[in-house]
Amino acid sequence: MAHWLMKSEPDEYGWDDLVRDGRTEWTGVRNHAAAKNLRAMTCGDRAFFYHSACAVPAIAGIMEVSREWRADGEDGKWASVEVNPVAPLPRAVPLKKLKEEAALRDMATLKQGRLSVSPVSEAEWTHICALAAMGDAKEQT
DNA sequence: GCCAACGTTGGC
DNA sequence: GCCAACGTTGGC
């Protein structure tokens, strides 16, 4: 099972919208590298829902790929997948935090900021989940 | 096939 | 709103 990070502008479609809808078709990706990543997804893969182009860019939640890719658009070049929400992060992890972490230095989304769908390694995934939980604990002390 | 011009994404 | 990064388009 692979892990991913998928970006959406919260003004357009945010984490709360996905929770409200229960599931959604992740359409509109018009970048070849991102489309390739969509086609590589399999059912059950987990992905971070990332809020981009907003006041505080951050990872907001975890979702699951619930149907593998299908064609998006007429020309056959693009793909979409269906996702559903799994859980919000206990505490959102902002981009600023991601950039501060040495362990995340090689993250695809940090290396290529404009890539809207990117892979996340096992180590990166685990690290970010720990950050999300740690932020929560810190708040309580 | 190269490259300049232009458009889009996304951080700040 | 600006700008950097990067992708796409079109002239040659």
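Order of the sequence lines fixes the chain letters, A, B, ..., with proteins taken first and strands second; residue numbering starts at 1 for each chain. Side chains are part of it too, since the values below use all heavy atoms of this structure and drop only hydrogens, waters and symmetry mates. Predicted model, so just to flag it, every value in this text is computed and none were measured.
A donor-acceptor contact under 3.5 angstrom links the side chains of A/Glu122 and A/His3, judged on distance only. Between A/Asn37 and A/Trp4, the side chains place no donor N or O within less than 3.5 Å of an acceptor N or O (distance only, hydrogens not considered). With no hydrogens or angles considered, no side-chain donor-acceptor pair links A/Thr24 and A/Asp21 at under 3.5 Å.
Put simply, OH on A/Tyr13 is 21 Å from C1' on B/dG10, counting in whole angstrom units. A/Asn31 has its CG atom 12 Å from the P atom of C/dT9, to the nearest Å. The separation between A/Glu9 atom CD and B/dG11 atom P is 9 Å, rounded to whole Å. As rounded to whole Å, 10 Å separates atom C1' of B/dG10 from atom CG of A/Leu95. One can place CG of A/Leu110 at 20 Å from P of C/dA4, the figure rounded to the nearest angstrom. Distance A/Lys77 NZ to C/dT9 P: 7 Å, rounded to the nearest Å. Residue A/Asp11 contributes atom CG, which lies 13 Å from atom P of B/dG10 at whole-angstrom precision.
Applying the side chain to side chain contact (heavy atoms under 4.5 Å, CB included) test between A/Lys7 and each of A/Pro57, A/Ser118, A/Ser52 identifies A/Ser52 as the sole match.
Note on the helix from B/dG1-C/dC12 to B/dC12-C/dG1: terminal axis deviation equals 10°, with five pairs used at each end and the result rounded to 10°.
With C/dG7, B/dG10, C/dT8 as the candidates, the nucleotide lying closest to the side chain of A/His32 is C/dT8.
Within 4.0 Å (heavy atoms only), A/Lys96 reaches no atom of the nucleic acid at all.
The base of B/dT8 is paired with the side chain of A/Arg114 by a donor and an acceptor separated by under 3.5 Å.
Contact annotation: A/Lys111 side-chain N/O to C/dC6 OP1/OP2 distance is not under 4.0 Å. A/His51 has no side-chain polar atom (N or O) that falls below the 4.0 Å cut-off from OP1 or OP2 of B/dG10. Distances shorter than 4.0 Å separate some side-chain N or O of A/Tyr50 from OP1 or OP2 on B/dG11. At the phosphate of C/dG7, OP1 or OP2 sits under 4.0 Å from a side-chain N or O atom of A/Gln112.
Residue A/Leu5 is grouped with residue A/Leu89 when hydrophobic side chains (ILVMFWY) are merged at heavy-atom distances under 4.5 angstrom, including chains of intermediate members.
Taking the six-membered ring where tryptophan is involved, the planes of A/Trp15 and A/Phe49 are perpendicular, since the angle between them exceeds 60° and thus also 30°.
Under the 4.0 Å criterion applied to side-chain N and carboxylate O atoms, A/Asp72 and A/Arg30 are assigned as salt-bridge partners.
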